[in-house]
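Predicted model, so just to flag it, every value in this text is computed and none were measured.
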Amino acid sequence: MSPSYLAQDPTLADFGRDPWWLVLIKILFAFVFAVLATLLGVWFERRVVGYMQVRPGPNQVGPFGLLQTLADGLKLAFKEDILPKAADKVVYFFAPVISVVCAVTALSVMPFGPMVSIFGHRTPLQVTDVPVAVLLVLALSSLAVYGIVLGGWASGSTYPLLGGLRSAAQLVSYEVTLGLSVVAVFMTAGTMSTSGIVAAQGDATQLSFGDFTVPAPGWYGLLLLPSFIMFFIAIVGETNRAPFDLPEAESELVAGFQTEYSSLKFALFMLSEYVAMVTMSAFTVTLFLGGWHAPWPITIWEGANSGWWPMLWFFGKVVALVFVFVWLRGTLPRLRYDQFMRLGWRVLLPINLVWILVLAGLRSIEDWDSQGKLIAVGIPAGILLIATLFWPSRKPKPTQTPQEQVDSRPYGSFPLPPMDLQVPPSPRITRVVAEREPANIAAGSDSREV
C-alpha cells in the first residue's frame, strides 16, 4: 500500500467499516493512552515544577523517577477507604466514576493520525467520528462537572459542597467563552467533524492582496489567534487547573470537592483531572494546531504526514500544551474568585462576541473585489482608530489625605492605630498609683508601710 494512499485525510465515510476486533483495539488504545497520560503527566508536572523551583523532584523510584507515580497509585489503592457518616453512599461512590468516564470518552473522537493499515485493514487512527463531534466533546466536558458537584454534595460536608458549587459556577462562566471560540472554527472550516477540521488545516490558506496572492499557514491557531487565546484560557478554567483551581483551593477549602475522599475514589478524581487536561490539550491541537499534521520544517520531508509518523507529531503538540498547563501552575498565583468571574463575564465574553462579529463580516465580503474589500475593512478600521485616539479618558479620582480616609470609614470598622504613633493609655487602667492609700500591717515591731 503506497504512502500517498495512506496519507490522505479520513472522511466520515471511512468510519463504521472496521471489524469488531479492530474497534476493540482502538478503544483499548484510547483507554491505555488515558491511563499512561495520567501516570506520566503527574511525573512530568512534578519534575517541571521541581526544575522551576530549583529542586530535583521525584528521582528515586525507577529511572528518572518514572515509577514514582505508579508507586503512589499502588499506595492509594491500599489505603483505608473512609466513608463519612453523613455521606450519600450511592452518589458518593458514582461521582468520581462520572468524571473519569466523561474525560476518557471524549478521546474517542480525537484524530490521532491519518489513514493507516492495521493487519491489512485500511482504517483511520481514530475510534469514531460524527458530523457533530466537536459538540460531543463540549457535551462531555459539561457532564464531567456533575461528578464534581455530586461528589461535593454527597460528602455531607461544608468545604466539599462549596468546592462543587464553585466548579459549577466556573463551568457556566467559561463554557460560553469556550463555545464562542469554537464557533470561529466552525465558520472557517465549514464542518463540526474533528477529522474534517484537521483536514481543513492541512493546506495553506491563500491570502489575496490586490493582484498578489500570499500563502499563509493553515493552522487556525494563527488565523484565528484571538479565538485560540480565549479558548485556551477557557479550558484552563474548565479543567480547574491553576491559577483557576478555585474548587479545590487548599488555602480556602482544604481540598475542595474531594476533601472527604480517600483511597481509590480520590485516585479516580485525580485520574479524571489529568485525563481532562490531556483531552483538552488534544482538543486544542485538533481545533487550532493542525491536528496530526506536521509543523512547517518537518513538512519539507514528503513522508512527514504519511504512515504512523503523524501520531508522533500529534503527541508532541499535546505534550507541549501540557507543559503550558504546568508552566502556568508554576508561575502564576491563584486568582480571587471575584477576579476569576470578572475575567470570564466582563473580559473574555465581550471580546469574543466582538471577534465573532468581525469574523462574520470578513467572511461575508470574501467574494467582493479588492476595492470593495478595502473600503469595507478600511472605513471601520479608521473609525475605530479615531475613536480610540479621541476617546475621553476617565478622570482619576482625587486622592484623599490619610485623615480624610480615616474620617470616611463607616461606623463599626476595625480600630486603627493613632496617626501620630503615640499610643494612648489603656482604658482599662482605672487606678492611679499616686492615689493609692497605704496599707498598714500591725504585726509587731517590724511592721512597715507598704
Side-chain angles (χ1 to χ4, degrees), residues 31-32 34-46 49-50 57-58 60-62 65-105 140-171 238-242 244-279 325 329 334 337:
F31 179 76
V32 172
V35 176
L36 290 180
T38 302
L39 295 176
L40 296 178
V42 176
W43 171 84
F44 181 75
E45 181 172 13
R46 294 177 65 182
V49 173
Q60 297 298 316
V61 184
L66 283 170
L67 300 180
Q68 180 64 57
T69 307
L70 180 61
D72 293 339
L74 294 175
K75 178 184 70 174
L76 278 175
F78 288 101
K79 279 185 173 292
E80 181 182 2
D81 189 7
I82 301 174
L83 178 66
K85 287 184 178 181
D88 188 314
K89 295 183 180 179
V90 177
V91 180
Y92 181 85
F93 174 79
F94 281 104
V97 177
I98 294 173
S99 297
V100 173
V101 169
C102 291
V104 175
T105 306
L140 290 172
S141 67
S142 302
L143 288 175
V145 77
Y146 280 95
I148 297 176
V149 174
L150 292 176
W153 173 80
S155 298
S157 181
T158 303
Y159 288 140
L161 179 61
L162 291 176
L165 293 178
R166 282 189 174 189
S167 183
Q170 287 188 201
L171 174 76
E238 278 220 351
T239 53
N240 301 331
R241 293 284 305 178
F244 302 149
D245 55 339
L246 279 309
E248 49 187 276
E250 68 275 1
S251 60
E252 304 169 8
L253 304 179
V254 185
F257 61 90
Q258 55 191 6
T259 301
E260 303 293 344
Y261 279 87
S262 59
S263 189
L264 283 177
K265 297 183 183 66
F266 177 81
L268 286 178
F269 268 129
M270 179 178 291
L271 174 68
S272 66
E273 177 181 341
Y274 279 89
V275 172
M277 179 176 65
V278 173
T279 301
F325 274 95
R329 176 179 179 178
R334 182 184 296 119
Y337 200 70

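- Summarising the geometry, atom OG belonging to S167 is positioned 6.5 Å from atom CZ belonging to F257; distances are rounded to the nearest 0.5 Å.
- Residues Q68 and R46 meet the side-chain proximity criterion, which asks for heavy atoms closer than 4.5 Å.
- Evaluation of the ring-ring contact (aromatic ring centres under 6.0 Å, His included) test over residues 72-94, restricted to residues two or more places apart or in two chains, returns Y92-Y261.
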Let me check something: any side-chain donor-acceptor pairs from residues 147-159 under 3.5 Å, sequence neighbours excluded? List them with distances.
from, atom 1, to, atom 2, distance (Å)
S155, OG, G151, O, 2.7
S157, OG, E260, OE2, 3.3

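- Between the OG atom of S99 and the CE atom of M270 there is a distance of 13.5 Å, given to the nearest 0.5 Å.
- Partners of R334 under the salt bridge (Lys or Arg N to Asp or Glu O under 4.0 Å) rule, at least two apart in sequence or in another chain, are D245, E250.
- Among all heavy-atom pairs drawn from A34 and V104, the shortest one is CB-CG2, 4.1 Å.
- Closest of all the heavy-atom pairs between E273 and T239 is CG-O, 4.4 Å.
- Side-chain contact check for S141 versus E238: some heavy-atom pair is nearer than 4.5 Å.
- Looking at S262, its side chain does come within 3.5 Å of a backbone N or O of I82 through a donor-acceptor pair.
- A77 and S263 make their closest contact through O-OG, 3.9 Å (heavy atoms, listed as atom of the first residue, atom of the second, distance).
- Applying side-chain contact (heavy atoms from CB on, under 4.5 Å) to W43 and the options L67, T69, T38, D72 leaves one that passes, T69.
- Judged purely by atom type and a 3.5 angstrom limit, S272 has no side-chain atom pairing as donor or acceptor with the backbone of V100.
- A donor-acceptor pair is defined here as one N or O able to donate and one able to accept, closer than 3.5 Å; no such pair exists between the side chain of T259 and the backbone of P160.
- Atom CD1 of I98 is separated from atom CG of L143 by 9.0 Å, given to the nearest 0.5 angstrom.
- At least one donor-acceptor pair under 3.5 Å links the side chain of Y337 to the backbone N or O of R166.
- With a 6.0 Å cutoff to the six-membered ring centre and a 45° limit on the axis angle, R241 counts as a cation-pi contact of Y274.
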*Applying side-chain contact (heavy atoms from CB on, under 4.5 Å), run through L264 and L76 and close with a yes or a no.*
CA-CA 6 Å; L264 283 177; L76 278 175; 5.5 Å; no
